[in-house]
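This report refers to the structure that appears directly beneath it.
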Number of protein chains: 4
Amino acid sequence: MPEVDPAQLSSEGLDTLLGVRTVRASADEVVLEYDIDHRHRQPYGIVHGGMHCLVVESACSIGAGFFARQSGKSVVGVENHTSFIRAVRSGRVTVTATPITRGRRSQVWEATSRDSAGVTLSTGRVRLLCLDADAELAGETVGQRG
Amino acid sequence: MPEVDPAQLSSEGLDTLLGVRTVRASADEVVLEYDIDHRHRQPYGIVHGGMHCLVVESACSIGAGFFARQSGKSVVGVENHTSFIRAVRSGRVTVTATPITRGRRSQVWEATSRDSAGVTLSTGRVRLLCLDADAELAGETVGQRG
Amino acid sequence: MPEVDPAQLSSEGLDTLLGVRTVRASADEVVLEYDIDHRHRQPYGIVHGGMHCLVVESACSIGAGFFARQSGKSVVGVENHTSFIRAVRSGRVTVTATPITRGRRSQVWEATSRDSAGVTLSTGRVRLLCLDADAELAGETVGQRG
Amino acid sequence: MPEVDPAQLSSEGLDTLLGVRTVRASADEVVLEYDIDHRHRQPYGIVHGGMHCLVVESACSIGAGFFARQSGKSVVGVENHTSFIRAVRSGRVTVTATPITRGRRSQVWEATSRDSAGVTLSTGRVRLLCLDADAELAGETVGQRG
């Protein structure tokens with residue numbers, strides 16, 4: 001699978017704001033990472049559950065988007081289910097996404113966040129619908145991501 | 001149910017960074033809001049699915065925390081399942097969370113994001129475990145949120 | 001919304017085997033019911049979690065199917081997320097499903113099981129894809145349900 | 001991990017009714033199987049989504065129960081999230097469950113159903129709470145499963 005220049009991805013918006021970097025990305029696997037700081041925590045001082053959901057969403061969407069573009073389509077996430085496995089306060093988090101199914105109508109991807117020792121912190125699954133490139137989404141034509 | 005001074009909540013961390021404000025909060029209902037800007041979008045220009053998950057997580061956790069503190073306990077979210085209903089690019093989003101069950105061992109809350117016309121954008125559910133106030137979480141004692 | 005003769009639904013297969021009856025069904029609401037007996041329990045003697053998931057799936061699918069047929073389409077469930085709220089050993093269970101969104105591409109329905117006193121036992125959500133009537137599913141053309 | 005006599009498990013209730021057999025079971029892995037027949041289908045003639053949820057629930061609960069009993073505890077499932085990957089009409093289905101986390105307070109297990117060619121049909125995750133053996137559930141003391 002062709003890989004994209006990571007600099008092209010996540011160049012704006014929520015991922016960038018939160019310091020989430022794309023290590024590598026293809027239609028077969030996506031790896032993101034971030035270093036925990038004050039931006040990612042909830043009031044208890046641990047990483048916010050929403051942060052775990054967010055990186056699951058980003059990683060799965062990037063991978064599914066790569067696959068969809070191979071046939072001129074795009075994707076939109078519709079369901080995100082994330083399980084929080086282990087609370088964490090600091091360190092580097094690596095998020096790895098792989099496909100469970102990549103169909104014509106929809107895809108399911110799974111992403112797992114691990115700390116630098118490889119311990120699972122959270123894991124989630126995202127269902128994405130495949131859209132024609134000219135499909136409308138929130139009043140505008142869906143463009144090509146990245 | 002006693003309400004807390006909203007200024008005490010969300011005073012740091014991810015919610016603050018993303019401009020998520022607590023409109024009101026009690027053990028029976030939590031209302032958050034934010035105005036969509038560049039911080040909340042993914043590369044297509046619509047609100048990031050992870051943002052929808054994040055406000056579900058925040059709203060449900062705040063409400064469940066209120067209830068738990070009434071008996072000297074705290075909570076930790078373990079599962080977040082969020083459905084994306086309608087893509088959105090701008091405007092004010094209001095997030096309302098209410099309890100489905102509030103037991104001794106665990107709670108389930110539901111939160112729905114709506115636009116200023118009341119149209120549902122996303123909706124999710126969070127399961128939270130109830131912890132004794134002196135329970136350990138990521139190597140430290142769980143404190144009282146807020 | 002036109003209602004269908006309940007006798008036409010659930011006339012075979014898993015729902016019938018488990019004694020799940022269709023009380024009423026339309027594109028706006030579906031109500032099923034069953035009386036708990038030995039068929040529905042797991043080894044602890046409480047209703048099997050899978051039974052709770054199953055009636056969520058049935059109720060949501062029936063309602064979504066009604067809506068889809070109005071435009072000559074059919075549906076197939078893709079995600080089922082069910083939360084177990086209260087264990088139960090006996091009595092009548094009523095399952096009510098209502099739509100969260102009914103789009104051209106997909107639908108989300110929610111179903112809740114309650115005991116005869118109206119206490120919530122479980123609640124879940126199902127995402128369904130809308131298919132053209134001539135779409136292929138497991139090697140055969142999708143027919144019209146019911 | 002010690003294995004149990006499969007004949008002791010699933011000796012009654014929903015799994016037995018549906019012909020779900022325990023191939024092997026321990027605190028580390030559970031394998032179930034069933035041969036698709038009229039009992040498992042919904043009106044389209046494919047395996048009912050609820051059937052996929054049900055075997056996920058059974059397989060994960062059996063495994064988590066084994067682990068919990070090692071420390072004199074039992075478990076109760078609280079969330080089941082199942083993704084349907086590929087529709088199927090006939091053949092043998094093998095369901096394999098493995099743990100994602102096995103803590104003192106809760107466990108998360110994952111189970112995947114595959115056809116005889118190893119193709120994934122569905123996959124789901126279950127969160128289970130760990131209970132003391134004398135905890136009350138639906139008005140009775142929780143016994144030891146199996």
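Residue numbering restarts at 1 for every chain, and letters A, B, ... go by the order of the sequence lines.
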Once rounded to the nearest 0.5 Å, what's the spacing between atom [atom1] of [X] and atom [atom2] of [Y]?
X	Y	atom1	atom2	result
B:Cys53	A:Glu79	SG	CD	10.0 Å
A:Glu57	B:Leu54	CD	CG	12.0 Å
A:Arg41	B:Asp15	CZ	CG	14.5 Å

_Other residues, nucleotides, ligands: >12 heavy atoms within 6.0 Å of B:Arg39 CZ_ =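 Count over threshold, so yes.
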
*Given that the side chain runs from C-beta out, which part of B:Leu18 has a heavy atom under 4.5 Å from chain A: side chain, backbone, both or neither?*
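Only the side chain of B:Leu18 comes within 4.5 Å of chain A.
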
*Between A:Arg125, A:His81, A:Arg86, A:Met51, which residue shows the highest count of heavy-atom pairs closer than 4.5 Å to chain B?*
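Heavy-atom pairs under 4.5 Å are most numerous for A:His81.
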
Please examine the side chains of [Y] and [X], heavy atoms only from C-beta on, and report whether any two atoms are closer than 4.5 Å.
X	Y	result
A:Ser61	B:His48	no
A:Phe84	B:Val76	no
A:Gln42	B:Leu14	no

